[in-house]
Amino acid sequence: EIIECLEALKSSESTSFQQVKQVHSRIAESHVLCRDSRIANLLIQIYGSLGCLGEVYCIFKTLHRPSILSWNIVLAAYAQNGYLEETKSVFDRMPERNIVSFTTVLSAFASAGFIDSAKEVFETMPERNVVSWNAMLTAFSQQGHLEDAQILFEKMPEHTAVSWNVLINAYAERGVLERAQLVFENVPQKDVYCWTIMITANAIKGNLDSASKLFRDMPQHSIVTWTAMVQAFGENGNIQESLNYFSKMPERNSFAWTALIIAHIHGRDLDGATRTFRNMPDHNIVSWTAMIHAHAECGSIDGAKAVYDTMPERNVVSCTAMLVAYSQAGHVDTARRVFDSMPLYNVVAWNAMAAGYAFQGDLWTARMMMRSCPERN
RNA sequence: AUCCACUAAAAACGAAGAG
């Protein structure tokens with residue numbers, strides 16, 4: 001019963017920390033945790049996917065002689081949350097490693113942008129399977145190394161649906177639609193991912209007719225496919241069609257609702273965006289931030305501020321949205337106050353603040369901001 | 001060998017389009 005409950009939490013994408021914590025404490029009371037490694041593994045994995053690495057560590061350290069499976073789950077928890085140093089140190093401390101451990105580290109290097117290290121792991125790992133090849137393929141594709149990706153793809157001993165999808169997506173993301181299309185036509189067994197990638201590829205280029213045709217031709221739709229259509233028409237300002245797809249969705253999640261909010265923003269429909277926001281069953285930080293943007297885009301700086309003050313939590317993105325709202329309304333000093341109050345910075349935040357000064361003609365301060373930014377892209 | 005690793009959808013800056 002406990003395992004079923006945990007499996008459900010794991011597969012749901014709207015699992016909250018509170019829910020997990022609740023189940024966790026129930027389990028802790030019954031003392032099964034230290035005896036059943038499957039339960040511990042599941043808990044670690046769920047906490048990992050929520051980014052709660054403190055809990056991950058706490059549970060892991062209670063295990064006596066953790067299996068390689070448990071080690072791998074912890075490794076993935078750090079890797080998938082972007083903690084490269086911790087990933088490396090867990091990897092070094094592992095009593096034994098298998099192909100999954102190596103592939104996890106490979107992906108960690110790749111997402112941190114260290115393509116050479118990723119390549120080194122790939123070349124030196126004791127054995128490789130199709131997942132490791134796919135991970136390496138993804139690494140090249142994320143860095144935009146399309147030639148390397150293509151060569152690797154041709155060298156692979158076998159292809160899975162993922163291999164084809166990664167390659168298509170690599171071309172699609174770089175705007176090489178013709179190549180993407182060409183590869184797409186050669187895919188032996190197209191899965192939902194594959195079709196959805198092509199829909200998005202066409203939508204980016206504004207080929208909404210092709211996107212619609214793909215949608216009609218594909219055998220199955222997932223919630224992601226539907227959301228891609230909502231987004232495709234929304235991005236191009238067609239609220240009607242966007243709404244049309246949204247209304248026909250068999251189920252909706254926060255991604256779909258937020259995509260619809262954004263559609264209204266592109267159509268300059270603040271009331272529509274607000275209505276959509278009110279109708280959604282739950283709000284998260286992304287939908288709240290979208291509403292800051294909605295008010296800002298429609299010229300309602302007070303509305304943006306009201307949203308900003310009301311939202312239950314904020315992050316770099318939402319603070320930056322508020323900052324930009326002020327700076328576009330001509331209130332650079334207020335924007336600066338938001339900037340100074342931010343708990344965390346990234347390149348976008350620095351860039352946005354610099355741009356705010358630049359647009360006002362204050363190039364001196366803009367340059368100062370750029371110089372102070374610890375990171376460039 | 002179905003508890004671990006690889007692929008698709010939503011928020012902020014920039015990338016010609018804050019005249």
Side-chain angles (χ1 to χ4, degrees), chain A residues 3 6-7 10 37-45 48 67-77 79-80 98-108 110 129-139 141 160-170 172 191-201 203 222-232 234 253-263 265 284-294 296-297 315-325 327-330 346-356 359 377:
Chain A
I3 290 178
L6 287 172
E7 291 285 1
K10 186 184 126 190
S37 69
R38 167 124 189 233
I39 292 179
N41 287 344
L42 272 167
L43 260 179
I44 293 174
Q45 205 182 352
S67 68
I68 186 164
L69 185 59
S70 305
W71 277 101
N72 279 341
I73 296 174
V74 171
L75 188 70
Q80 287 163 358
N98 64 13
I99 194 164
V100 174
S101 336
F102 280 96
T103 307
T104 304
V105 170
L106 190 168
S107 297
N129 63 12
V130 69
V131 175
S132 2
W133 281 89
N134 285 342
M136 193 63 235
L137 189 65
T138 304
S141 125
T160 61
V162 172
S163 329
W164 290 96
N165 296 345
V166 171
L167 190 66
I168 294 174
N169 201 34
D191 65 3
V192 196
Y193 280 63
C194 192
W195 288 93
T196 308
I197 289 168
M198 277 313 287
I199 286 180
T200 305
S222 75
I223 192 167
V224 176
T225 321
W226 284 97
T227 310
M229 293 306 288
V230 172
Q231 137 81 9
N253 60 15
S254 63
F255 281 62
W257 282 97
T258 310
L260 188 62
I261 293 178
I262 299 300
I265 299 177
N284 62 20
I285 196 161
V286 177
S287 52
W288 280 102
T289 307
M291 287 312 294
I292 296 181
H293 195 219
E297 283 294 302
N315 62 11
V316 203
V317 179
S318 40
C319 293
T320 307
M322 192 63 237
L323 183 169
V324 171
S327 115
Q328 293 188 352
N346 64 14
V347 200
V348 175
W350 282 96
N351 204 23
M353 195 62 246
F359 275 115
N377 65 12

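All chains are named by letter (A, B, ...) in the order of the sequence lines, taking the proteins before the strands, and each is independently numbered beginning at 1. All values below were derived from every heavy atom in this structure, side-chain atoms included, with hydrogens, water molecules and symmetry-related copies excluded. Predicted model, so just to flag it, every value in this text is computed and none were measured.
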Rounding to an integer number of Å, can you tell me how far [X] [atom1] sits from [N] [atom2]?
X      : N      : atom1 : atom2 : result
A:N72  : B:rC6  : CG    : P     : 11 Å
A:N134 : B:rC6  : CG    : P     : 10 Å
A:Q45  : B:rC4  : CD    : P     : 6 Å
A:Q231 : B:rA8  : CD    : C1'   : 12 Å
A:N98  : B:rA5  : CG    : P     : 12 Å
A:Q80  : B:rU7  : CD    : C1'   : 14 Å
A:I292 : B:rA12 : CD1   : P     : 11 Å
A:W350 : B:rC13 : CH2   : P     : 18 Å

Please report the distance separating the C1' of B:rA5 from the corresponding atom of B:rA1, rounded so that it comes out in whole Å.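 It comes out at 16 Å once rounded to the nearest Å.
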First encountered from the 5' end of RNA chain B, between A:A329 and A:N346: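 That would be A:N346.
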Is A:H293 close enough to B:rA11 that one of its side-chain N or O atoms is under 4.0 Å from OP1 or OP2 there? no
Distance check: side-chain N/O of A:Q328 vs OP1/OP2 of B:rA12, anything under 4.0 Å? no
If you round to the nearest 0.5 Å, how far is CD1 of A:I44 from CG of A:N72?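 The distance works out to 11.5 Å.
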How far does CD1 of A:I197 sit from CD1 of A:I168, to the nearest 0.5 angstrom? 6.0 Å
Heavy atoms only, 4.0 Å cut-off, all strands: where does A:V131 land among base, sugar-phosphate and nothing?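 It contacts base atoms.
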Hey, does A:N41 reach any base, or is it just sugar-phosphate, or nothing, if we go heavy atoms under 4.0 Å?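 Base: the residue A:N41, judged by heavy atoms under 4.0 Å, touches a nucleobase.
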Side-chain donor/acceptor of A:D191 to base of B:rA8, under 3.5 Å: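 A donor-acceptor contact between them is absent.
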